[in-house]
Amino acid sequence: MNDNIEKIKQHVQDLRAEIELHNYRYYVLDNPSIPDAEYDKLLRELQQVEQDYPQLITADSPTQRVGAAPLKAFSQITHRIPMLSLNNAFDDTEVEVFNRRVCEGLSVEHVEYTVEPKFDGLAVSLCYENGILKTGATRGDGNTGEDITLNLKTIKSIPLSLPVKNPPPLLEVRGEVLMLKADFLALNQRQLAKGEKEFANPRNAAAGSLRQLDPAITATRRLTFFSYGVGQYEDAHMPHDTHSNILSYLFDLHFPVAKECQVVTGLRGLLDYYQAIGAQRENLPYAIDGVVYKINSLSQQEKLGFVSRAPRFAIAHKFPAQEAVTELLAIDVQVGRTGALTPVARLKPVFVGGVTVTNATLHNADEIERKDVRIGDTVIVRRAGDVIPEIVSVIPEKRPNDSQLFTMPSHCPVCGAKAVRLPDEAASRCTGGLFCPAQRKQAILHFASRRALDIEGLGDKLVDQMVDNAIVRTPADLYKLGITALANLERMADKSANNILQAIEKSKHTTLARFIYALGIRNVGEATAKDLAAHLGSLNRLIEADTERLQQIPDIGPVVAQSIVDFFAEAHNCEVIEQLRASGVHWDEHEGKSSLSAAAAPLQGKTFVLTGTLPAMSREAAKERIEALGGKVSGSVSKKTDYVVVGADPGSKHDKALSLGIPVLDEAGLLELLQ
Ligand code: IVH
């Protein structure tokens, strides 16, 4: 019997190795050696044996890539070595300066570099313990990321175990998760067919797929991984000489490494690579937003070291924002959450940087006048990264005779209320307030957004319908919704209606900071909401605070204070808040730092500004420690600043501190205070 199980165990191991090898050949080398049907047969056989002998299932079995239960939330993972970012160069001169500094720093004439594509995806870190993939995390803030292990395991090009006999005790592999352009187009087609929202670009699609709490959904999205480095390791075989050898080593361990990585010498080598990759960019299977140059020699890397959060030995050379020429067909006016009227150009569809653009923002009337944009013009549109496309300029020679000037409407195009433009503002605003359906929709969307009450699934199409059908007028109405009203809406199956109701129910337990932010008070963003929650500790105290009390809070000036007071002076705002509370929306009062006891929060009420590079602590670490003791870190020096902490090469903040007579600390002084 024992013999038998040993044999089965061996068979299972062989099957797994074979399947993973085919995965590798298919997903990494793009060179399968068996037909899909054969592969499926192997996988089914393994599934069968594992079903018969569940005791033989291991976490690194290819059957375990999918099938894990959905999570409630992601937990946090602290990176063993922080995940840093790269400095950017935007033109050849900046690359020249980088190369010169490197040569001077190393006292050499020419330097050898590894050059790589800059993948436009999401950075992740994969941790292998004794050869088995144990955890995978997002970059997060560089120190701590989210544990997305289950989602990463669904990516077939990520090895679940290392294909070596004596695996290293620890190996942290770093790289980028992305969606290939072809997979992105196919996904959007499926989304369209299902009547669901399309993703704007491959990066968003990859991010949305990785952020799923249910790995089964991630598994349906084809994601890809490219490795570009290592974090912490205990590995006798890790090359010690060059970065390019580390990449070769990762490739030998079956990690995908982009074919486009190369080794070049000197500035000429860098710029030639940039040109060559730029020329191939459109034809590459994945999206990139530049190239990365890294000094190849690890000892030279070490010699140059880091400056704050980025290495001195590497730089990203970004491609310029992408532009295209098209026709401006019409200008519509959109109404935002606070009533701001934004002119939006409707364009003849044009393909820019991997996506089809049909709209571009024109910002406001002054911008239209400054750029002299008219309806019918031929215009240059620009898309940079994730931001909304914009009109760069008009091509005047192409202006048709019948082009039309645009004027901002005097009334809101949605509710018809008068539009006004305050003397010191660029935007005209609808005065309809929450009686304007457009503002109401935006207010509800804001209330439900991820950083506010985070009601999953409540998108713009749904809110449009809810408001248009008058089943929801204010955020409080969301909590009165029943299944019938929801299921009666177009394209709303019982299951989706139930999911929305569940998400609404879940949102009832929130935090004071989120709740304040969700209210959509003008000039109160997420950071201010957090400050208000931390300093006042309760909603009633916020409602009762006058402008004077509010301005005692660091970073809150007269404009913000007035917006807050105005908001609570509106009876209907207070009514909505009352209804929300009555429906069960709740949070822990006295949350935040003000609830720390005086002993635990010795820095309560103290504001710090950090400037320059501290010798030992990163700025993030300093900020965390200050905040942990109840203090606050602000970006600018004012009379309200209590201490300015100064490191090497400080900026003008140091001078300002001296001129205002604010106490200046160095790192040692800060540490003393923290203790
Ligand atoms: S190296 C110490 N190599 O760019 C630097 N990063 O700003 C470690 N990225 O968050 C990163 N392609 O997500 C490196 N070939 C590449 C890259 C790359 C894309 C991203 C990465 C990182 C960001 C750095």
Side-chain angles (χ1 to χ4, degrees), residues 77 79-90 94-95 98 102 113-126 136-146 148 152 155 158 172-180 201-204 206-207 210-211 223-233 242-244 246-248 250-251 255-264 270 273-274 276-278 280-281 284-298 300-319 384-386 618 620:
I77 286 190
H79 301 301
R80 292 168 205 245
I81 295 180
M83 292 181 77
L84 304 180
S85 54
L86 291 167
N87 287 324
N88 292 319
F90 292 98
E94 290 180 6
V95 177
F98 162 77
V102 163
Y113 293 96
T114 312
V115 288
E116 306 170 7
K118 186 168 189 303
F119 307 103
D120 197 6
L122 295 110
V124 299
S125 175
L126 307 170
T138 60
R139 177 175 185 275
D141 64 3
N143 293 318
T144 313
E146 282 181 326
I148 51 163
L152 290 172
I155 302 176
I158 293 183
E172 207 179 326
V173 176
R174 301 223 165 137
E176 198 97 342
V177 168
L178 38 89
M179 190 175 279
L180 297 184
N201 54 45
R203 191 183 181 284
N204 285 1
L210 272 190
R211 219 185 277 126
L223 294 171
T224 305
F225 173 73
F226 281 107
S227 53
Y228 53 60
V230 292
Q232 183 102 308
Y233 57 83
T242 60
H243 178 68
S244 55
I246 293 183
L247 293 183
S248 304
L250 289 174
F251 186 72
F255 289 97
V257 176
K259 289 199 281 291
E260 290 73 20
C261 297
Q262 286 179 23
V263 175
V264 303
L270 299 180
Y273 181 73
Y274 178 80
I277 292 289
Q280 291 172 41
R281 183 178 184 189
L284 287 176
Y286 47 81
I288 60 174
D289 57 350
V291 292
V292 181
Y293 308 141
K294 301 172 182 171
I295 293 184
N296 200 23
S297 150
L298 300 182
Q300 288 185 334
Q301 284 194 359
E302 204 171 322
K303 202 162 165 193
L304 286 180
F306 299 84
V307 57
S308 76
R309 304 288 290 164
R312 280 204 191 85
F313 54 78
I315 199 162
H317 189 179
K318 301 288 277 276
F319 291 132
D386 268 355
S618 73
E620 271 79 349

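We use all heavy atoms of the structure for the numbers below, so side chains are in, but hydrogens, waters and symmetry mates are not. Both ligands and their constituent atoms are indexed starting at 1 by order of listing.
- For the pair H243 (side chain) and I295 (backbone), a donor-acceptor distance under 3.5 Å is absent.
- A 4.5 Å side-chain heavy-atom check between S297 and K303 finds every atom pair outside the cut-off.
- Within the set M83, E176, Q301, K294, the minimum heavy-atom distance to atom 9 (N) of ligand 1 is found for E176.
- Regarding atom 12 (N) of ligand 1, its nearest protein heavy-atom neighbour is F119 N, 3.1 Å.
- In this structure, the protein non-hydrogen atom closest to atom 23 (C) of ligand 1 is K118 NZ, 4.2 Å.
- Of the heavy atoms in P117, only backbone atoms (N, CA, C, O) come closer than 4.0 Å to ligand 1.
- Counting atoms of ligand 1 from 1 in the listed order, those under 4.0 Å from a heavy atom of V292 are 15 (N), 16 (C), 17 (C).
- Contacts between R139 and ligand 1 below 4.0 angstrom, taking non-hydrogen atoms only, involve the side chain exclusively.
- Under the 4.5 Å side-chain criterion, counting only non-hydrogen atoms from C-beta, Y286 is not in contact with T224.
- No donor-acceptor distance shorter than 3.5 angstrom exists from the side chain of S227 to the backbone of G175, with no hydrogens or angles considered.
- The protein non-hydrogen atom at the shortest distance from atom 8 (C) of ligand 1 is L84 O, 4.2 Å.
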Intermediate values then yes/no, ring pair (Phe, Tyr, Trp, His ring centres under 6.0 Å), Y113 and Y273: CA-CA 11 Å; Y113 293 96; Y273 181 73; over 10 Å; no
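- Considering P311, G229, A316 only, the shortest heavy-atom separation from atom 2 (C) of ligand 1 involves P311.
- Distance CG/L178 to CZ/R203: 10.5 Å, rounded to 0.5 Å.
- Summary of contacts: the protein heavy atom closest to atom 18 (C) of ligand 1 is Y228 CE2, 3.5 Å.
- Side-chain contact between L152 and V177 is present, with heavy atoms from C-beta onward closer than 4.5 Å.
- Here the heavy atom of the protein found nearest to atom 15 (N) of ligand 1 is E116 OE1, 2.8 Å.
- Atom 24 (C) of ligand 1 has L86 N, 3.4 Å as its closest protein atom, hydrogens excluded (heavy atom only).
- Taking the side chain as every heavy atom from C-beta outward, F255 and F226 never approach each other to under 4.5 Å.
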